[in-house]
Protein chains: 4
Amino acid sequence: MNHFGRLFQISIYGESHGNSVGVILDGVKPGIPLSSADFTADLLRRKSGGKGTTPRIETDEIIIESGVFNGYTTGAPILLRFLNQNTKSKDYSNLVSHPRPSHADYTAKLKYNGFNDYRGGGHFSARLTLGLVSAGVVAKKMLKNVKFSTKLINLGGCEDPKEFNTILDAAIKANDSVGGIVSLKASNVEAGLGEPYFDSLESTISHLLFSVGGVKGVEFGIGFKGANLTGSSYNDLIIDKDGHTSTNNNGGINGGISNGNDIEIKVFVKPTPSIAISQNTFNFNDNKVEPLVITGRHDSAIILRAMVVLESCLAIALCDAMLIKNAYKGD
Amino acid sequence: MNHFGRLFQISIYGESHGNSVGVILDGVKPGIPLSSADFTADLLRRKSGGKGTTPRIETDEIIIESGVFNGYTTGAPILLRFLNQNTKSKDYSNLVSHPRPSHADYTAKLKYNGFNDYRGGGHFSARLTLGLVSAGVVAKKMLKNVKFSTKLINLGGCEDPKEFNTILDAAIKANDSVGGIVSLKASNVEAGLGEPYFDSLESTISHLLFSVGGVKGVEFGIGFKGANLTGSSYNDLIIDKDGHTSTNNNGGINGGISNGNDIEIKVFVKPTPSIAISQNTFNFNDNKVEPLVITGRHDSAIILRAMVVLESCLAIALCDAMLIKNAYKGD
Amino acid sequence: MNHFGRLFQISIYGESHGNSVGVILDGVKPGIPLSSADFTADLLRRKSGGKGTTPRIETDEIIIESGVFNGYTTGAPILLRFLNQNTKSKDYSNLVSHPRPSHADYTAKLKYNGFNDYRGGGHFSARLTLGLVSAGVVAKKMLKNVKFSTKLINLGGCEDPKEFNTILDAAIKANDSVGGIVSLKASNVEAGLGEPYFDSLESTISHLLFSVGGVKGVEFGIGFKGANLTGSSYNDLIIDKDGHTSTNNNGGINGGISNGNDIEIKVFVKPTPSIAISQNTFNFNDNKVEPLVITGRHDSAIILRAMVVLESCLAIALCDAMLIKNAYKGD
Amino acid sequence: MNHFGRLFQISIYGESHGNSVGVILDGVKPGIPLSSADFTADLLRRKSGGKGTTPRIETDEIIIESGVFNGYTTGAPILLRFLNQNTKSKDYSNLVSHPRPSHADYTAKLKYNGFNDYRGGGHFSARLTLGLVSAGVVAKKMLKNVKFSTKLINLGGCEDPKEFNTILDAAIKANDSVGGIVSLKASNVEAGLGEPYFDSLESTISHLLFSVGGVKGVEFGIGFKGANLTGSSYNDLIIDKDGHTSTNNNGGINGGISNGNDIEIKVFVKPTPSIAISQNTFNFNDNKVEPLVITGRHDSAIILRAMVVLESCLAIALCDAMLIKNAYKGD
């Protein structure tokens, strides 16, 4: 369902071509200064218009519909909305019978018996991530001292940032798309966040990350490469009374609980499925495989815009875990 | 918290050296034949005693404490218990001041203000996975036709199964440990399982997988290697009216929803942190780094026993998603 | 928190004098015809303007912001909004220091450290029930054959409907207010809805009813008067193979589960706390008891408008229970 | 489902004639001294054997199966079990075809397709309340200064405690049963507990109270009698800077949030449905109404044993609300 969180709760709604998309945040601490300007920076990081992103430009002006009064959060639910304005009236109905491969077109139709709003991906559109980014902004405010550092470390298989521009140009020229890997880091995270079974910090963070369209892999610390290590080389030795470790192969989490070191995560985002190259895939009307050419406006590398979304997911999960920890503080 | 699931719910409890460990299952359909014999096969797959596993042997006899009557599930909660019998009375308290690196010793102490049961890992012991395996057995019964295929595809960095024995021998001889990668596959999974935000099938499956101690990476389909592909090579083309695809890079899930192809997942399990090699790590009593030698009984490759646990997590998540889908069937 | 439901989920938001109030509905079955006209009748029952209700008139036009496409529900979350238009710009801040007795003014201030939006009751305003009524409309559509019958059976202590008008006139003339008792009945409710511990049908229904401002008592069937009966006179004897009973003292629920007879409930709604009569109550600015005269627009008998709200709560709880039951149907 | 609570979570299990009944408590603060002796007093209040209670005597010895170490709670889940020992091997199967009126026999059979354990009421037995009482004991420890005062204020329609013995004797002699009304009071409850929509303190308290078998009415403060009052007489005037009120018609809760005055509740418990008097009710085997004579051991006034159970429900709800409030304390 479209709801997440034990204390810091988010409920997401909207479709690509409906009135608006957005999110209700509940469990926000009262007394936090909050205005639309607070969202500008992160929303800009998600914005389209740059190379490799869709030419559909939206103003993405946030409307704070409730839960803020005199410039401060009230403790009541905060509804944040974004109007859909630059929607093209083209006919998307061909995608119902001739679904885009690797996309939600086919599964959404099955799940919702054909009643889903298919225009621009409908409820499955990347536009829904506006709500996540907004929720992340508020979560970061509640987390106070936590610092986030998010980097693109792999684009289209290449790990050299200097080559990323070339990779992107090639994909655009080929009417193709690329994916890659994002590195997330959160510093100054208090130790003791997370629960054993079943809300380990890895569990709640990955739950949110995997809700973002296109995410197909999540690893903590050294991740899968750790298969090459033995226990004696993998183990992070504690070096001081604050629990700092010599290495951070575990990504700052042991037994599902933060250990005070940086939370380090890598996330694989698949290549954007919507590409302009013709693809031979099944047409359910004609009952045979036929070439599909997708004509809409799309991102060649959605990963560029996904970075801040993934960072927001991390912030949301940490904020919820922090509130749960707070509940048990004091006498 | 120690509870998971929307309709198929599990609540886990227990410590390594307490009376017992186990699980309450709620939301089980009434009328399913169930006896202790049904659990034997999967419990055996998790059992210790083989090469690379701890010499702590437990009978692991399941006690069906409630929820089954005349050989059938009743629809009421099923409490499944496993007595802890072969517990050694050795003193574990040194691990409180001199915590094992990469283990929950340190974080559990912080989180629970030193009141956690530290004997044998306490609530963080791998013994808790008995409850998960048991829950998985019941979930599989509810899933009926779904077939699971679980394989060890990487041990200690090696991907050749013929070499796994050698890898294991070397680790044992070196008093060290190894991790690796498990491949999970579920076939005959009905299309339409999973929700968009925030309970994508990837989200709920990974939530459970990451609750298992030692899991540090989860990827679907081709996973991180997909960063090397462009959209045109990554996309899974649909080849027939049943939605079968030519490749399965997405691991059977699009837009968070199963597409009827096999669910394919890879899970990285880190090397067992408890090793007999001396490790230089902080002693909080002496306030300095000192050699730590762990003398208990441990697994050299906990991954061997984790395979069925991970498979169970997958079954539990699929079962919950199936029930949710059922709720919307019919007129 | 402002969220309820296991499968049919509602998330409420808004304040009396903010932009809007409303609700997100999740877990709605796709394919249900839905337009703003469907809400008209129930919204009208909640509307103000009649005798005994506030002169604040709002158009209460519903805005279906998402989740409906081509006239049918899509299965995605439905955001329903109502603009706040007829808000008076008067100064409410005196109520912060001189809170209205029996109202949320004082507790909201404490809970939210003074950051709550106090204008017109803020998030605690009866205006929030627009979301409940709207959710109830959708729930009733999903329940199909269930019929609701809602009656005012006690106004200001009087049980004779012919006298209600006189009671109301007297309260208005006295600048005072009255409460009363509402009788709810749902017919054609399928047997087998509800769970033993802890989601008995009484539990979930009362949970929702008591979330409505002013509700201070809920009883099922004969209710508190049943204290006068012995078991032999209280027990509802079954009279036919469909489980019909000779009496309905249990209100259609046994062991927390619907038995196929009518669900019958009585709900006590307290007199509207906001009255124009001067009241001697503590002024926190002056640190002493002082007369408080409330000058805003208020209902003399909010119960008149609450009836459809309570009926909606019943519908929501039944709808959620029905979906849960559906999940276990079939093989 | 058999699970409740946002932070202080309880999961109940068991049947009257199974191995055991009990509860898992999760979200218990670590470091609370806890031993079986702590449960003695409240378990004794629930115990049978006195006049008007069933002659089935159980030792009700509590088994602390997990979550307590060296005499203190660890923060891990606490499984509390009670063995079923004094179970009679009589045949209960006639109740399946000839269900007891006003009892769960009929609804349980429908809900669980006849697979429910019907012996002694199975999962619907009052024996399950052992888990609630135990959870209440732990909740009270976490609530520290809160004092509970629970009284029987109506037995069989009589409000004079001096006559209760006579009422009881008459019921026993007549092979009949009686119900009544319990008054619950919690003092020293911190102001600010509870949430607006949908977890008002009334909502969560009533949710738990109505999960107890036989509870058919819940009212706060003056309750239904408040219908006789006007707003000016109902309203609780604030008399000092601590928020104390001159009256407590609202039962200590405004806007769903505790106001610092006593929480006051009245609960109607219906007459025990199982009576030895012959009752003419439908026999589904013979397809006609026939006399039913119930021969088991039963309570003539289950309300006597229910008092501590209801008090426990109140404690559990307050404890959960307190933890949620704690989460938002501090900077």
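Chain identifiers are assigned alphabetically (A, B, ...) following the order of the sequence lines, protein sequences preceding nucleic acid strands; residue numbering begins at 1 within each chain.
Heavy-atom pairs under 4.5 Å with chain D peak, among B/G27, B/G22, B/G18, B/A76, at B/A76. The greatest number of non-hydrogen atom pairs below 4.5 Å with chain D, out of B/G14, B/G31, B/G114, B/S11, is found for B/G31. Among D/N113, D/N19, D/N70, the residue making the largest number of heavy-atom pairs under 4.5 Å with chain B is D/N19. Chosen from B/I12, B/I24, B/V68, the residue pairing most often with chain D at heavy-atom distances under 4.5 Å is B/I24.
Put simply, the side chain of B/K47 gets close to the backbone of B/T59: a donor and an acceptor are under 3.5 Å apart. Side-chain atoms of B/S200 come within 3.5 Å of backbone N or O of B/S203 as a donor-acceptor pair.
To the nearest 0.5 Å, atom CG of residue B/N326 and atom CE of residue B/M142 are 8.5 Å apart.
Residue B/I78: no heavy atom, backbone or side chain, is found under 4.5 Å from chain D. In this structure, chain D has a heavy atom under 4.5 Å from the side chain of B/F69, while its backbone stays farther away. Contact of B/F124 with chain D is not made at all, since no heavy-atom distance falls under 4.5 Å. For B/E65, the parts sitting under 4.5 Å from any heavy atom of chain D are the backbone and the side chain alike.
Looking at heavy atoms from C-beta onward, B/L34 lies in side-chain contact with B/F39 at the 4.5 angstrom threshold. Put simply, the side chain of D/T74 does not reach to within 4.5 Å of the side chain of B/Y112, judged on heavy atoms. Using a 4.5 Å heavy-atom threshold, the side chains of D/L79 and D/Y13 count as touching.
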